[in-house]
Amino acid sequence: MRRELALLFAPRSLALVGVSSKKESLSGRLLANLARGGFPGAIYPVNPKAREIAGLASYPTVAELPEVPDCAIVMVPREASLEAVEACLAKGIKALVLITAGFREGGPEGQALERAIVARVREAGAVLLGPNCMGVVNTDPAVRLDATFSPVAPRPGHVAFASHSGALGVALFEQAEEVGLGISMFVSLGNSAVVNTCDALEVFAQDQRTRAVMLYLEAIEEPQRFLTLARQLCQQKPVVVLKAGRTEAGQRAASSHTGALAAQDRAVEALLRQAGCVRATTLAEFLDLARTFERVKAPRGRRVAVLSNAGGPAIAACDALAQSGLELAALAPETKAKLRAFLPPEASVANPVDMLPSARPEDFRQALELVAADPNVDSVITITVTPPLAPAQEVARALASTQVGVPFLPVFMTSPGFYRESLAIPGLPPVFRFPEEAVKALAARLQAAACAQRPWGEAPVFRPAQIPQKEGYLGPAEAFQLVAEAGIPVAPYAVAKSLDELPAKAQQVGYPLVLKAFGTQLVHKSELAAVALDLRDEAALLAAASAMGQRLAQSGITPEGFLLQRFFTGGRELILGISRDPAFGALVACGLGGVAVEVWQDVSFRFAPCSREEARAMLQELRGKKLLGPFRGQPPVNLEAVEETIVRLGALAAGVPELVEADINPLLAFPQGVVAVDVRLRLAFGSS
């Protein structure tokens with residue numbers, strides 16, 4: 001980590017440039033927060049109109065400060081910001097926080113001013129947080145930095161939080177206090193003009209107090225750097241991300257299947273999956289996952305025991321487990337016998353364990369110890385509906401006092417006042433209000449642990465010796481040649497420029513055949529009846545070609561030629577493709593459905609290049625993955641061959657930046673291997 005970043009997050013002295021003597025101002029609030037947090041270092045207010053602010057000696061200019069502070073927090077009006085930044089840099093200050101707003105987000109004039117400030121900061125070898133940000137927090141007892149204007153002080157803890165939205169950060173400080181989430185560091189990134197999410201990841205990775213990371217992102221700066229840093233971080237600490245903008249409003253128009261499917265949010269999803277981050281979909285889930293990651297160790301497997309004093313919520317938990325990819329543990333006979341020994345005869349000792357409403361705190365404690373000790377159990381969810389024979393607080397204390405070797409999450413469906421009171425019970429894990437919330441958190445904890453242990457493998461890059469030097473869609477022969485050179489099996493083929501060439505070309509390929517017309521007007525050939533299948537002799541071939549030509553002529557289309565291919569039957573159809581996002585780079589797609597892929601929308605994405613492990617994960621993410629296994633008496637397809645094809649296509653995408661769009665649709669998968677039967681490639685030079 002660069003020294004300048006360390007000074008930003010753990011300064012020993014601060015200059016407050018433009019701080020007001022008015023306590024009710026934002027800068028006055030920031031100064032008060034420094035005092036509230038107990039910042040131990042020197043604080044130097046800079047204000048030409050005041051000799052003293054809040055009991056601190058004030059200086060008229062930065063140049064007159066008695067030393068070079070580690071960090072300067074700049075809170076002047078926008079028009080004075082460049083001059084203030086230059087004064088800080090001239091003093092030798094290497095870490096700056098620009099709170100002021102109205103830059104990039106304020107129109108052309110603000111954009112130009114931001115660019116000028118960034119240029120000066122970079123030239124000086126300094127770092128700048130902001131502009132348009134709320135500041136930075138470090139709750140380390142040795143640092144005690146709250147350089148924000150938040151009305152709420154974050155609860156100290158072990159979760160580092162970076163946010164593009166300062167207002168959201170303030171709101172979540174309040175909510176975090178309600179649920180007992182502790183913050184180790186917080187950084188409001190604002191416009192991310194210099195210091196961005198990637199820099200925050202570098203800091204969080206090296207902070208010993210941080211056990212988990214929260215990211216609220218409105219954009220992902222430097223996607224490839226983010227992928228590298230986040231992947232390394234996720235191997236040490238779980239990362240939960242809430243990304244704004246999940247809609248397809250920004251989707252660009254594209255003529256290929258892959259381009260149409262690869263909206264930018266899919267690129268974000270692919271990036272986060274590839275990095276090993278867990279994605280939250282709501283603010284409530286964002287907090288739930290963070291507090292679980294902070295305080296709950298990862299389960300060793302998917303087998304969950306449910307322990308409850310009410311049948312209905314236990315059933316809801318079972319449904320949620322099935323939907324989340326977890327499973328009900330099969331309790332050992334010895335465990336059931338021990339439960340039966342102290343529970344009422346009417347209680348159910350199968351999983352879920354229903355202890356009935358008469359269960360006492362001691363029953364919860366004893367039952368938790370028993371099911372947690374069962375070798376078939378990896379984690380436990382306890383559910384307490386307001387017990388009639390004891391206060392919920394007593395049940396919570398009994399659970400908290402239990403020493404168990406597997407993680408457990410308690411659910412309490414009781415009065416609202418209980419939840420704040422539960423925060424004071426030592427040893428009690430994060431408490432949830434509903435079973436479904438606890439199940440989601442447990443599944444996410446397991447997902448994060450699996451990502452941390454996942455081998456990444458080698459991701460090859462391949463660039464052919466010769467690449468066609470023309471823009472636009474390649475002809476079929478050039479397209480097939482390029483993917484074949486990358487090591488992807490293709491159906492035997494030949495190209496005929498006219499009907500007269502068809503018989504000789506057919507002899508080269510061999511019957512039975514597929515006939516396809518091609519040309520720039522023929523994007524989706526099946527919709528224009530430009531495909532004829534299972535042609536078994538020359539007569540059938542010529543008849544099909546003549547009829548096809550007439551149909552296309554009636555539609556005003558003149559084909560540029562005909563493609564002859566060996567006819568294959570019985571394979572299961574997949575689509576593989578490439579879509580090059582201008583911000584993110586090359587995305588590799590894998591999906592089911594062939595020509596119906598846009599109907600099923602069953603597609604997984606990764607950034608190129610892809611390792612074999614990533615290719616395997618892509619197939620596992622498909623909802624219809626069972627179609628690739630034993631199906632209606634048919635043997636499974638060769639998954640290793642499909643994985644290898646994904647890897648090779650990713651290698652081609654990474655090695656040929658000119659390749660901006662590609663479809664292999666369909667890729668036929670068989671028990672023996674795979675074969676590409678339709679390929680479209682588009683080149684654009686200067687796109688890299």
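As the structure is a prediction and not an experimental result, all values here were calculated from the model. Side-chain atoms are counted along with the backbone in the values below, which use heavy atoms only and exclude waters and symmetry mates.
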Polar side-chain atom of Arg295 near backbone of Thr292 as donor-acceptor pair, under 3.5 Å: no

Under 3.5 Å: donor-acceptor pair, side chain of Gln453, backbone of Ala450: no

Within 6.0 angstrom of Arg463 CZ, more than 12 heavy atoms from elsewhere: yes

Closest heavy-atom pair and its distance - Ser25, Ser20: OG-CB, 3.4 Å

Cationic tip of Arg291 above Phe432 ring, under 6.0 Å, 45° of axis: yes

Leu31 backbone acceptor or donor facing Lys23 side chain under 3.5 Å: no

Residue pair Lys243, Asp265: steps toward the salt bridge (charged side-chain N to carboxylate O under 4.0 Å, His left out) verdict: CA-CA 9 Å; Lys243 171 65 174 65; Asp265 191 63; 5.5 Å; no

Side-chain heavy atoms of Asp581 within contact of Phe607, under 4.5 Å: no

Salt bridge (Lys or Arg N to Asp or Glu O under 4.0 Å) against Glu177, all qualifying residues, sequence neighbours excluded: Arg155

Steps toward salt bridge (charged side-chain N to carboxylate O under 4.0 Å, His left out) verdict (Glu202, Arg225): CA-CA 11 Å; Glu202 283 190 18; Arg225 183 181 171 213; 2.9 Å; yes

Lys237 NZ: over 12 foreign heavy atoms closer than 6.0 Å: yes

Pro299 versus Leu446, closest heavy-atom pair with distance: O-CD1, 3.5 Å

Side chain proximity check, Leu98 to Phe103, heavy atoms < 4.5 angstrom: yes

Distance-minimising heavy-atom pair for Asn33 and Ser150: ND2-O, 2.9 Å

Donor-acceptor contact present, side-chain Arg580 to main-chain Pro657, <3.5 Å: yes

Side chain proximity check, Thr139 to Arg209, heavy atoms < 4.5 angstrom: yes

Check: Ser58 side chain, Ile53 main-chain N or O, donor-acceptor pair, under 3.5 Å: no

Which residues share a salt bridge (Lys or Arg N to Asp or Glu O under 4.0 Å) with Glu294, sequence neighbours left out: none

Other residues, nucleotides, ligands: >12 heavy atoms within 6.0 Å of Glu109 CD: no

Under-4.0 Å salt bridge between Arg120 and Glu86: yes

Side-chain (Asn47) to main-chain (Val19) donor-acceptor, under 3.5 angstrom: yes

Asn138 side chain vs Phe9 backbone, donor-acceptor pair below 3.5 Å: yes

Side-chain donor or acceptor of Thr228 paired with backbone N/O of Gln224 under 3.5 Å: yes

Any Leu217 side-chain heavy atom under 4.5 Å of Val268 side chain: no

Side-chain heavy-atom pair Phe286, Gln175 within 4.5 angstrom cut-off: no

Heavy-atom side-chain contact between Arg104 and Asn132 under 4.5 Å: no

Glu114/Arg78 salt bridge by N-O under 4.0 Å criterion: no

Heavy-atom check, side chain of Phe149 versus side chain of Met134, under 4.5 Å: yes

Contacts of Arg3 that satisfy salt bridge (Lys or Arg N to Asp or Glu O under 4.0 Å) - sequence neighbours left out: none

Side chains of Phe293 and Met214 in contact at under 4.5 Å (non-hydrogen atoms): no

Expected output: side-chain Lys91 to main-chain Leu65 donor-acceptor under 3.5 Å: yes

Carboxylate-amine/guanidinium proximity below 4.0 Å for Asp146 and Arg36: yes

Lys94/Glu4 salt bridge by N-O under 4.0 Å criterion: no

Glu67 bridged to Arg12 by N-O distance under 4.0 Å: no

Any donor-acceptor pair under 3.5 Å from Ser611 side chain to Glu614 backbone: yes

